[in-house]
Number of protein chains: 2
Amino acid sequence: MGKCVSDYGCSVEAALDVIGGKWKGVVLYHLLEGKRRFGELQRLMPGVTRRMLTLSLRELEEEGIVHREVYKQVPPKVEYSLTEYGRTLEPIILSLRTWGEIYMQKLKRSEENALAAQAK
Amino acid sequence: MGKCVSDYGCSVEAALDVIGGKWKGVVLYHLLEGKRRFGELQRLMPGVTRRMLTLSLRELEEEGIVHREVYKQVPPKVEYSLTEYGRTLEPIILSLRTWGEIYMQKLKRSEENALAAQAK
DNA sequence: CTCCTTAGTTACAATTTTGTACCTATGTTT
DNA sequence: AAACATAGGTACAAAATTGTAACTAAGGAG
């Protein structure tokens, strides 16, 4: 909280401060496709803990990127979605996704090669 | 080091693992414009320490994103540049830059407003 | 009356990232 | 002979991030 222009040396640094960290980008990626409940996000993100998911969502909410809708039900139901402002991040997330896909394909190929070499 | 496909739940997570952190994106941003010497990068990146700059460059080099060219001179001269593979990151860096610029303008406006309100 | 559900919160611990301060190499300049 | 320049390396400390485990709320089901 309490971000300040003078904290940043350039715009890339500022942008990475907002979507950086281990999970915020991943949350945004899943929210690009529409509303998601808390538990749904948890299932979509293997490895995330409830705590980290909560923290990530709260920070994105504070920035005005994510909208949090609480339904007065028991058991509770909470839906998260991108705000209009949040949707301006779409180009970043899509370019991350595209590049990441190719990167993972490369990783996979080199793992397969290492395995084949080991089997002599 | 020793990245593994199974470490990642999705492609965005993988991409952020490569360019995430406080400085790697900023280095890439400056290298988009061409070769840069170590000291030059340091001057372009207020706040970075020699240590963090070295670490960031080393990681990017290991991934094959950045090329390191050492000139046999005294005092030493080392030039860093993007590899062809590194240039595939351009869409990510440009979208981060564009978004970051608008974000910083928003921050600046709200700081000015806060100041004006205080002056009553 | 107890358990189940979802969406959390909290205290604490471990891990990762980042920073500080000092050390190195060596040809050139003063 | 001492100082300067650049591009580091290294040990250690501090700070930030992330993880673990236990606890909570409140209505409905059995």
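Please read all numbers here as calculations on a predicted model, not as lab measurements.
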Nearest heavy atoms of B:Ser81 and B:Lys35, plus distance in Å: CB-CG, 4.1 Å
Smallest separation among heavy atoms of B:Lys24 and B:Val18, with atom names: NZ-O, 3.2 Å
Calculate the interatomic distance between [X] atom [atom1] and [N] atom [atom2]; express it in whole Å.
X	N	atom1	atom2	result
B:Met52	C:dT16	CE	C1'	11 Å
B:Leu55	C:dG19	CG	P	10 Å
B:Arg50	C:dC23	CZ	P	13 Å
A:Met45	D:dT18	CE	P	11 Å
B:Lys72	C:dG27	NZ	P	11 Å
A:Leu53	C:dT9	CG	C1'	14 Å
A:Glu40	C:dA7	CD	C1'	14 Å
B:Glu61	D:dA7	CD	P	15 Å

A:Val48 vs B:Arg58, nearer the 5' end of DNA chain D by closest nucleotide: B:Arg58
Distance-only polar pair, side chains of A:Tyr80 and A:Arg36, donor-acceptor under 3.5 Å: no
Do any N or O atoms from the side chain of [X] and from the backbone of [Y] form a donor-acceptor pair under 3.5 angstrom?
X	Y	answer
A:Thr88	A:Tyr85	yes
A:Gln42	A:Gly39	no
B:Thr98	B:Ser95	no
B:Glu13	B:Gly9	yes
A:Ser56	A:Trp23	no

side-chain N/O A:Tyr71 vs D:dG27 OP1/OP2, d < 4.0 Å: no
Neighbour count >12 (heavy atoms, 6.0 Å) for atom CD, A:Gln118: no
Donor/acceptor link under 3.5 angstrom from A:Arg51 side chain onto base of C:dT9: no
Contact nearer the 5' end of DNA chain C, comparing A:Thr54 with B:Val74: A:Thr54
Within residues 8-26 of chain B, residues whose heavy atoms come under 4.0 Å of DNA chain D: none
Strand contacts (DNA chain D) in residues 28-35 of chain A, 4.0 angstrom heavy-atom criterion: none
Of the listed nucleotides C:dG19, C:dG8, C:dA7, the one nearest the side chain of B:Thr49: C:dG19
B:Val78, nearest nucleotide to its side chain (from D:dG8, C:dA7, D:dG27): D:dG8
